[in-house]
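To start, the structure itself, in structure tokens.
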2 protein chains.
Amino acid sequence: MPKAPIRVAVSGAAGKIAYNLLYRIASGEMLGKDQPVILQLLELPEMLPATKGVMMELEDCAYPSLAGMFMSADPNEGFKDAEICILLGSRPRGAGMDRASLLTVNGEIFAVHGKSIAESANPDVKVLVVGNPCNTNAYIARNAAKKVGRINAANIHSMLRLDYNRSLWQLSAKTGRPIESFRKLVVWGNHSDTMYSDYRHCESNGDAVEKLIGDASWKFDYFVPTIAKRGSVIIDARGGLSSAASAANAALNHVRDWVIGRDDWVTMGVPSDGSYGIEEGFIFGFPCECKNGNYKIVQGVEIDEFSRAKLDTSLNELRKEAATVKHLL
Amino acid sequence: MPKAPIRVAVSGAAGKIAYNLLYRIASGEMLGKDQPVILQLLELPEMLPATKGVMMELEDCAYPSLAGMFMSADPNEGFKDAEICILLGSRPRGAGMDRASLLTVNGEIFAVHGKSIAESANPDVKVLVVGNPCNTNAYIARNAAKKVGRINAANIHSMLRLDYNRSLWQLSAKTGRPIESFRKLVVWGNHSDTMYSDYRHCESNGDAVEKLIGDASWKFDYFVPTIAKRGSVIIDARGGLSSAASAANAALNHVRDWVIGRDDWVTMGVPSDGSYGIEEGFIFGFPCECKNGNYKIVQGVEIDEFSRAKLDTSLNELRKEAATVKHLL
């Protein structure tokens, strides 16, 4: 008896991240080779012809696990009955656009999408916001969804997985230990320069990673700035193209772990329940445990003085972003 | 005991097909999640900075199965000890460039790559040529490799898998049968307008596909022209961008089936051994069976008068292409 298909809605479906992500979802890499998926592709009206091209290519991959697909420029149609929504569509910062304007134009998109998801998606929908500034976009979407009710607003996440994966690789390269040996890495906060990649509790095959690294200055002089600047270094190397493939991979990892589970802490941007002194409702990177399709924030991680300051800095940034878009809340 | 890594060399590593393919190879989708790979990325010297960006993103995916990687602009270094070479790098047709010029500029690339692979790759290397015109590029590479010896020149393939996958989807859409139900589809010939997608022997769950379709005119009026024109229809829809994601997927399928095996006929562009009246040495789409890392051309497929004419047309095209590049052979 084949499994019932899962509806996966993706906004920004003709964009660069989608061009890497959709083919991997349809191949079964996100939810399993034996799990049929129906792709619901949301785009702006003027992008529908290009979206049609993306759909033709999905057809031409002859994926057994792709049970159906359609495109739409209407959010209520695009999100209809979706169990998973991955929100890639956002405006990039244009020339001369300040951060407040960027927050506002994107906030308008996510206010609409949050409302539509709450109105039309499956009540158990899981939502991942990738479009930047993703934490505040998720915050806006969550506020809009809460006004409608119907869905679980705790299931609106933002993506810190790319920062988490970037951190894993740097730790592996530094220590010579394999990627899969690391456990208990955390990336706290906002997906921005203020995020705090924290390997104080991280282990590799039972060894404390801090001890393996030894040199404490490496964290401040190399690791933290490298993770923070990685996106712009890649844009420079790729001649202006952003890190679409690794962002797509991170989105796939986030959803996969959330749905399938993972025997480790994994960092997700989730609505705070007040844990670690983070004001309730802000979408913040926390260590999470995923099991049976649910996640919970790991409790009891020691927060030292340095870490407290980092978390507060990131929280303050989120407060400021929220203040900028408060007309949308 | 973990498996020894397999070295996979990819040319055109900073190009659009590679940007979809490399992440899927590194994730384990081509050779298996438990099979470590080392990626050897070949590019033109001026593309090495962009290739570095691609490598940083591969790092940032934190793939457990990516055991190592490097980039090079030197073919002998890029192909060194490779067990699999996927040749994506070719020149697209420029404005005002005729087909003969296109054949020549690409032929020069593949003469160099064929020679380098024969000199430096693993003697059991499997080579897939994706860069177009892929059959004649593979023919040139094979001739160059044969002069060196050392590798098995029967293992230089061209890619007809995208045409094959496109055909599978069209048959599935027409009959309402699932993709995975189809068996014994063949795409004969050159990867060009002259290729012949042939479902005369194709079955779906034991039913003859020709009978399921009924209307014989569908093949000529819709199916054959749709497959032949699919690439350009997608370029139009995507505003000038070619079908990179589905080409990457097809390359992955080709290599995967060749290495892992497949319990069905699968179409590969392989050097003819004289089967079906195709002159020995030309790289031609044939039905193949793959087992234990080896392939063989399926024998005994009935060739009726219509099919004979189609095969001969495609062969004649390959003869003409070979004549155009005979100074490179």
Side-chain angles (χ1 to χ4, degrees), chain A residues 2 14 16 19-20 22-24 26-29 49-67 161-173 178-182 227 230-231 233-239 241 243-250 252-253, chain B residues 2 14 16 19-20 22-24 26-29 49-67 161-173 178-182 227 230-231 233-239 241 243-250 252-253:
Chain A
K16 290 191 194 323
Y19 198 64
N20 268 72
L22 294 171
Y23 300 89
R24 298 184 68 190
S27 79
E29 248 206 294
T51 308
K52 177 69 184 161
V54 169
M55 289 174 67
M56 285 191 279
E57 285 203 72
L58 282 161
E59 294 171 352
D60 293 350
C61 291
Y63 289 125
S65 49
L66 182 59
R161 186 60 177 257
L162 183 49
D163 308 298
Y164 174 90
N165 285 347
R166 285 168 171 167
S167 302
L168 273 183
W169 193 85
Q170 294 295 338
L171 294 176
S172 173
I179 291 283
E180 64 274 28
S181 73
F182 294 94
I227 303 298
R230 186 75 165 177
V233 170
I234 289 171
I235 289 174
D236 288 345
R238 298 192 65 232
L241 297 171
S243 48
S246 48
N249 182 69
L252 190 130
N253 291 164
Chain B
K16 290 191 194 324
Y19 198 64
N20 268 72
L22 293 171
Y23 301 89
R24 299 184 67 190
S27 79
E29 247 203 297
T51 308
K52 177 69 185 161
V54 168
M55 289 174 67
M56 284 191 280
E57 285 203 73
L58 282 161
E59 294 171 352
D60 292 350
C61 291
Y63 289 125
S65 50
L66 182 59
R161 185 59 176 257
L162 184 49
D163 309 297
Y164 174 90
N165 285 346
R166 285 169 171 167
S167 302
L168 272 182
W169 192 85
Q170 294 295 339
L171 294 176
S172 173
I179 291 283
E180 64 273 27
S181 73
F182 294 94
I227 303 299
R230 186 74 164 178
V233 170
I234 289 171
I235 289 175
D236 288 346
R238 299 191 66 231
L241 297 172
S243 47
S246 48
N249 182 69
L252 190 128
N253 290 165

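Every chain is numbered from 1 and lettered A, B, ... according to where its sequence line falls, protein lines coming before strand lines. The basis for the numbers below is simple: all heavy atoms, side chains too, and nothing from hydrogens, waters or symmetry mates.
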Top of B:Glu57, B:Glu29, B:Glu180 for chain A proximity - count of heavy-atom pairs under 4.5 angstrom: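 Option with the greatest count: B:Glu57.
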For each of B:Ala250, B:Ala244, B:Ala67, tally heavy-atom pairs with chain A at distances under 4.5 Å, and name the one with the top tally.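 Heavy-atom pair counts peak at B:Ala244.
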At a 4.5 Å cut-off on heavy atoms, which part of B:Ala173 comes close to chain A: side chain, backbone, both, or neither?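 The answer is neither part of B:Ala173.
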Chain A contact via B:Ile234 - side chain, backbone, both or neither, heavy atoms under 4.5 Å: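 Both parts, heavy atoms under 4.5 Å.
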Considering only heavy atoms and a distance below 4.5 Å, find which of [options] pairs most often with chain B.
options                               : answer
A:Arg161, A:Gln170, A:Lys52, A:Arg24  : A:Arg24
A:Pro178, A:Ser27, A:Gly239           : A:Ser27
A:Ala237, A:Ala247, A:Ala50, A:Ala248 : A:Ala237

Taking side chain as everything from C-beta outward and backbone as N, CA, C, O, which of these in [X] sits under 4.5 Å from a heavy atom of chain B? Side chain, backbone, both or neither.
X        : value
A:Pro64  : both
A:Ala14  : neither
A:Ala245 : both
A:Arg230 : side chain
A:Glu59  : both

Within the 4.5 Å heavy-atom criterion, are A:Tyr19 and B:Lys16 side-chain neighbours or not?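 A:Tyr19 vs B:Lys16: side chains apart.
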I'd like to check B:Asp60 versus A:Leu162 (side-chain heavy atoms, cut-off strictly below 4.5 Å). Are they in contact?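 Yes, at least one pair of side-chain atoms sits under 4.5 Å.
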For the pair B:Ser172 (side chain) and B:Leu168 (backbone), establish whether a donor and an acceptor sit closer than 3.5 Å, ignoring hydrogens and angles.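 Between the backbone of B:Leu168 and the side chain of B:Ser172 there is no qualifying donor-acceptor contact (under 3.5 Å).
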Regarding A:Asn253 and A:Tyr164, do their side chains bring together a donor and an acceptor under 3.5 Å, going by distance alone?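 There is no such pair (donor and acceptor under 3.5 Å, judged by atom type) between the side chains of A:Asn253 and A:Tyr164.
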Closest contact, heavy atoms only, B:Asn249 versus A:Tyr63: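 What the structure gives for the nearest pair is OD1-OH, 3.1 Å.
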Checking A:Tyr23 now: which residues fulfil side-chain hydrogen bond (donor to acceptor under 3.5 Å, both in side chains) with it, not counting sequence neighbours?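 Listed in chain order: nothing, the list is empty.
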Test of understanding: with side-chain hydrogen bond (donor to acceptor under 3.5 Å, both in side chains), list the residues that count as partners of B:Ser243, not counting sequence neighbours.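 Per chain and number, B:Ser243 pairs via side-chain hydrogen bond (donor to acceptor under 3.5 Å, both in side chains) with B:Arg166.
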From CE (A:Met56) to CG (A:Leu58), nearest 0.5 Å: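 Answer rounded to 0.5 Å: 11.0 Å.
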